[in-house]
There are 2 protein chains.
Amino acid sequence: MNKISQLLIEYLRVSSISFELDEHFLRELSKITTFKKYPKNTVLVQEGEYCQSLFIIKKGLLRRYTLHEGKDITLEFALEDDFIASIYSIITGRKTVDFIQTLEDSEVLIIQVEDMKKLNIDSQKSLLIGQELRNNYFLKLENRILSLQNDSAKKRYADLVANQPTIIQRASLGQIASYLGMTQENLSRIRRMVKD
Amino acid sequence: MNKISQLLIEYLRVSSISFELDEHFLRELSKITTFKKYPKNTVLVQEGEYCQSLFIIKKGLLRRYTLHEGKDITLEFALEDDFIASIYSIITGRKTVDFIQTLEDSEVLIIQVEDMKKLNIDSQKSLLIGQELRNNYFLKLENRILSLQNDSAKKRYADLVANQPTIIQRASLGQIASYLGMTQENLSRIRRMVKD
DNA sequence: ATTCCTTTTTGATAAATATCAAAGGGTTTG
DNA sequence: CAAACCCTTTGATATTTATCAAAAAGGAAT
């Protein structure tokens, strides 16, 4: 068993995927998986690219963002044992409208989704995994919508502190503020209020 | 070919599903599909139920909503040839936290997702359909997030008018306002401003 | 039409958030 | 060390949005 299989197994154990994957499947999957290290602030994916890559984060912190009317808007943070991708591009086959960058020195596993079709594996199994990934993602998005739709800026910040406390320390104020749908000045003031 | 098959075929043709379904598949699917009419303001699904139903709307308008801190919050509208469901409950198998109601006299096809497992069909095919439904849904949610995260109330309203103009006429002000994440007083004023 | 009920609009005011400009605090770099 | 840079904080003000209360406008039933 090679290093990449090992890392994949670790990922599957830690992540919310409830699947038991057999050795054969893992061996096949590891064939199309690469392991890479990137320094802080590296842009892995850029607007306008056709991006079918799935990044599984073994170490570090990544961010997906877009330019909405010229402004840099954070769409998503992804920590150790999360994955991140331009799902829009994977689904539609069109050029991505997002960027993905590292916010820290990071180590990732990269899987080209299109390569999965070439594997000698049970296609049903990979469909089921895809289904589970989509399900998890969906639950995240629904919560995010409810929060943006109804909660005050203060509440949204408090929820982020409660649910993803390390992001507060590891990302910049502006990146967090845009993720929460507010200006960085407002977030700065909220943060001060909460501290006291 | 019975009436339900007919309706299913129509749905598949009109909706964004890019699938060609063979007769066998349709015949099987129609076995577990029922057709029902409901008068306006009927609650089809209630918080606390285990709900595995998928509603395909042939006529009318439905709304999914939840009680968030006591307030009625619209999560989704669904028109003719949309589908609507408590996807949370389907995914997690837990009790739903949402309600689904008709806003007009409506006609729907109902499929119990759990029944699909019993069908004598190519399971790969049904996985692929599920995948496509999830993909479409995902794209909707991403747009919704971007809008709630960045746009002003005025812009959110304008986008709704542009993208789902009939909802403006068919749902009540309060239902639309909560969907857009604002108070109904604010929406009332915005609407007046836009008219002039 | 009259009553009753619900929804929408309006008004006055308060609170939340954005904007713009400048100052402060670090860190890196020459 | 000073200069340059980036990020964060602070201040003053404007804008947006929410809140609360009441009036107006529609609909449905009698």
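Each chain gets a letter, A, B and so on, in the order its sequence line appears, and its residues count up from 1. Here the structure is a predicted model, which is why all the values come from computation and not from measurement.
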Compare the minimum distances between each of [options] and the side chain of [X], then state the nucleotide with the smallest one.
X        : options                : value
B/Gln184 : C/dT8, C/dT19, D/dT10  : C/dT8
B/Met182 : D/dT10, C/dA18, D/dA18 : D/dA18
B/Arg156 : C/dA18, C/dT19, D/dT17 : D/dT17

(request) Take the angle between the ring planes of A/Tyr65 and A/Phe99 and call it parallel below 30°, perpendicular above 60°, tilted in between. (result) parallel
(message) Just N and O in the side chain of A/Arg191: are any of them under 4.0 Å from OP1 or OP2 of D/dT9?
(response) yes
(message) Looking at C/dT9, I'd like to know if its phosphate oxygens (OP1 or OP2) sit under 4.0 Å from a side-chain N or O belonging to B/Arg189.
(response) no
Mind calculating the distance between [atom1] ([X]) and [atom2] ([N]) to the nearest angstrom?
X        : N      : atom1 : atom2 : answer
B/Asn150 : D/dT16 : CG    : P     : 17 Å
B/Met193 : D/dT17 : CE    : C1'   : 13 Å
B/Asn186 : C/dA16 : CG    : P     : 16 Å
A/Tyr157 : D/dT8  : OH    : C1'   : 13 Å
A/Lys154 : D/dA18 : NZ    : P     : 15 Å
B/Asn41  : D/dG27 : CG    : P     : 15 Å
A/Asp72  : D/dC6  : CG    : P     : 15 Å
A/Leu180 : C/dT17 : CG    : P     : 11 Å

(message) Is any side-chain heavy atom of B/Leu67 closer than 4.5 Å to one of B/Ile73?
(response) no
(message) Is it true that A/Thr74 and A/Arg63 share a donor-acceptor pair across their side chains at a distance under 3.5 Å?
(response) yes
(message) What I want to check is whether the side chains of B/Ser5 and B/Asn2 have a donor and an acceptor closer together than 3.5 Å.
(response) yes
(request) Carefully, step by step, assess B/Tyr11 and B/Ile57 under the rule side chain to side chain contact (heavy atoms under 4.5 Å, CB included). (result) CA-CA 9 Å; B/Tyr11 169 66; B/Ile57 300 154; over 6 Å; no
(message) Does this structure show an ion pair linking B/Glu104 with B/Arg170, if we count only N-O contacts that are shorter than 4.0 Å?
(response) yes
(message) Quick check on contacts: within residues 166-175 of chain B, what sits under 4.0 Å from DNA chain C by heavy-atom distance?
(response) B/Ser172, B/Leu173, B/Gly174
(message) I want to confirm an ordering. Mapping B/Lys40 and B/Thr183 to their closest nucleotides on DNA chain D, which one lands closer to the 5' end?
(response) B/Thr183
(message) Quiz question: going by heavy-atom distance under 3.5 Å, is there a donor-acceptor pair between the base of D/dC20 and the side chain of B/Glu185?
(response) yes
(request) Please say which of A/Val45, A/Leu79, A/Thr42, A/Ile84 ends up in a side-chain contact (heavy atoms from CB on, under 4.5 Å) with A/Leu62. (result) A/Ile84
